Amino acid sequence: MSIQVLDKTFVPFLTSEMIQDKIEQLAMQISADYLGRNPLFIGILNGSFMFASDLYKRISTPSTISFIKLASYKGTTSTGTVITAIGLEEDLSGRDVVLIEDIVDTGKTLSAFIPSLQKMSPASIKICTLLQKPEALQHELQVDYVGFEIPNKFVVGYGLDYDGYGRNSQEIYQLA
Ligand code: IMP
Ligand code: MG
């Protein structure tokens, strides 16, 4: 069944079962890769809150989780857009960081944010995203864990929004 979010109509795209099965696979992979390494997961708000919650429940290795919001501002002409983290209080030095995103679209947000994260001397930084639109990627960005590669079409649901609405579903919908 299609849904209406504000002025737009969306059609079913990924079922709850498909999403949860994929998260189980991602969690098994990540738990194995980080065995004994005490990783720090960082969920990027708001979009990733459902994904981060469902993923983290299934991580089986000792680890911690925190959440941040990203704020962008125009830097000097040489630095372009600078992105800073709001709410990051953890000491990252020596930690293996796993960023949790809902979707990587152009890659602009994460590629602008990661340099400032690197200055905090983590042992490593990896990216885990539920969705990626490979055709939309415009920035140099290595995404290490990808749930679904999807076409370059706008999606909502399971935490993803259209102008703040449409986050509240267990399924993901695509613009009709
Ligand atoms: P990027 O910086 O272009 O990679 O964009 C990443 C951010 O844009 C995501 O964290 C989302 O908040 C938002 N975004 C990109 N595509 C979609 C979409 O299809 N639905 C909802 N939000 C999206
Ligand atoms: Mg987001």
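All values derive from a computational prediction rather than experimental measurement. Side chains are part of it too, since the values below use all heavy atoms of this structure and drop only hydrogens, waters and symmetry mates. All ligand and atom numbering here is 1-based and tracks the order in the structure.
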Ligand 1 contact by K133, heavy-atom criterion under 4.0 angstrom: yes
contact_flag V156 ligand 1 heavy-atom lt 4.0 Å: no
Ring pair (Phe, Tyr, Trp, His ring centres under 6.0 Å) partners of F67, counting only residues at least two apart: none
F154 and Y162 aromatic ring geometry - parallel, tilted or perpendicular at 30°/60° bounds: perpendicular
Contact list for residues 13-60, test ring pair (Phe, Tyr, Trp, His ring centres under 6.0 Å), sequence neighbours left out: F41-Y56
Distance under 4.0 Å to a non-hydrogen atom of [X]: what atoms of ligand 1 satisfy this?
{"X": "K108", "answer": "1 (P), 2 (O), 4 (O)"}
{"X": "E101", "answer": "10 (O)"}
{"X": "L160", "answer": "21 (C)"}
{"X": "T109", "answer": "1 (P), 2 (O), 5 (O), 6 (C)"}
{"X": "D102", "answer": "9 (C), 10 (O)"}

Between S48 and E101, a side-chain donor and acceptor under 3.5 Å: no
Side chain, backbone, both or neither: the part of T106 lying under 4.0 Å from ligand 1 by heavy atom: both
For ligand 1, the portion of D161 having any non-hydrogen atom under 4.0 Å away: backbone
Minimum non-hydrogen distance to atom 14 (N) of ligand 1, winning option of L131, N152, L45, I103: I103
Candidate with minimal heavy-atom separation from atom 20 (N) of ligand 1, of I44, V143, V155: V155
L160 to V155 - nearest heavy-atom pair and separation: CB-O, 4.1 Å
Polar proximity ligand 1 side, F154 side, N/O cut 3.5 Å exclusive: no
N or O pair under 3.5 Å between G107 and ligand 1: yes
Determine whether a donor-acceptor pair (N or O, by modelled atom type, separation under 3.5 Å) exists between the side chain of [X] and the backbone of [Y].
{"X": "R167", "Y": "V156", "value": "no"}
{"X": "R58", "Y": "D54", "value": "yes"}
{"X": "S124", "Y": "D96", "value": "no"}

Over 12 foreign heavy atoms within 6.0 Å of CE, M18: yes
